[in-house]
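Atom set for the values below is all heavy atoms of this structure, side chains included, hydrogens, waters and symmetry mates excluded. Note that the structure is a prediction, hence the values are computed from the model and not measured.
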Amino acid sequence: MSRPSVVAAALLAMAFAMPAHAELTPTKRVEPQYPPEAARAGKTGFVEVEFSVTADGKVESVSVLNAKPSRTFEQAAVRAVKQWQFAPGGGRGKVRLDFNL
């Protein structure tokens with residue numbers, strides 16, 4: 001992989017690890033529960049989500065942007081992100097949640 005490709009991949013990974021707007025300051029993060037059927041099958045994967053935060057810091061909506069494998073980890077990811085809380089101010093964010101055994 002060429003150096004520009006490595007840098008681009010690193011920047012993309014950082015974009016999903018951090019909220020989309022700097023003003024989102026997390027105060028509570030709930031980790032997703034690994035789906036038991038995925039654990040039994042030895043499946044791993046990830047879910048990328050985008051979410052909206054209200055002015056009082058509560059997650060209002062969560063949308064799945066990408067998931068591998070599909071229909072395996074999305075429900076656990078959305079359920080967890082809906083429980084997150086942020087400092088007052090509101091905004092939008094993106095995050096990638098990895099599911100590894």
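Two residues are said to be in side-chain contact when any heavy atoms from C-beta on lie closer than 4.5 Å; F51 and L24 meet this criterion. Side-chain contact between L97 and P32: present, with at least one pair of heavy atoms (C-beta onward) separated by less than 4.5 Å. When side chains are defined from C-beta on, V49 counts as touching V95, because their heavy atoms get closer than 4.5 Å.
Among residues at least two apart or in separate chains, side-chain hydrogen bond (donor to acceptor under 3.5 Å, both in side chains) pairs with a member in residues 30-39 are R29-E31.
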Tabulate below the donor-acceptor pairs under 3.5 Å that side-chain atoms of residues 73-80 make, not counting sequence neighbours, or state none.
| unit_1 | atom_1 | unit_2 | atom_2 | d |
| --- | --- | --- | --- | --- |
| E74 | OE1 | R71 | N | 2.9 |
| E74 | OE1 | T72 | N | 2.9 |
| E74 | OE2 | R71 | N | 2.9 |

(request) Take T25 and F86 through the side chain to side chain contact (heavy atoms under 4.5 Å, CB included) test and state the conclusion after the steps. (result) CA-CA 5 Å; T25 305; F86 295 84; 5.8 Å; no

(request) Give the C-alpha distance, both sets of side-chain angles, the deciding distance and a yes or no for side chain to side chain contact (heavy atoms under 4.5 Å, CB included) between V64 and E48. (result) CA-CA 6 Å; V64 174; E48 295 168 348; over 6 Å; no

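In this structure, V30 and W84 approach most closely via the heavy-atom pair O-NE1, 2.9 Å.
By the side-chain hydrogen bond (donor to acceptor under 3.5 Å, both in side chains) test, N66 pairs with no residue at all, sequence neighbours left out. Annotation: salt bridge (charged side-chain N to carboxylate O under 4.0 Å, His left out) contacts of D98 (sequence neighbours excluded): R96. Annotation: side-chain hydrogen bond (donor to acceptor under 3.5 Å, both in side chains) contacts of S52 (sequence neighbours excluded): S61, R92. Remark: S63 engages no residue in a side chain to side chain contact (heavy atoms under 4.5 Å, CB included) (not counting sequence neighbours).
Of the possible polar contacts, one joining the T27 side chain to the Q85 backbone as a donor-acceptor pair under 3.5 Å is found.
Distance check, rounded to the nearest 0.5 Å: NZ of K68 to NZ of K43 gives 13.5 Å.
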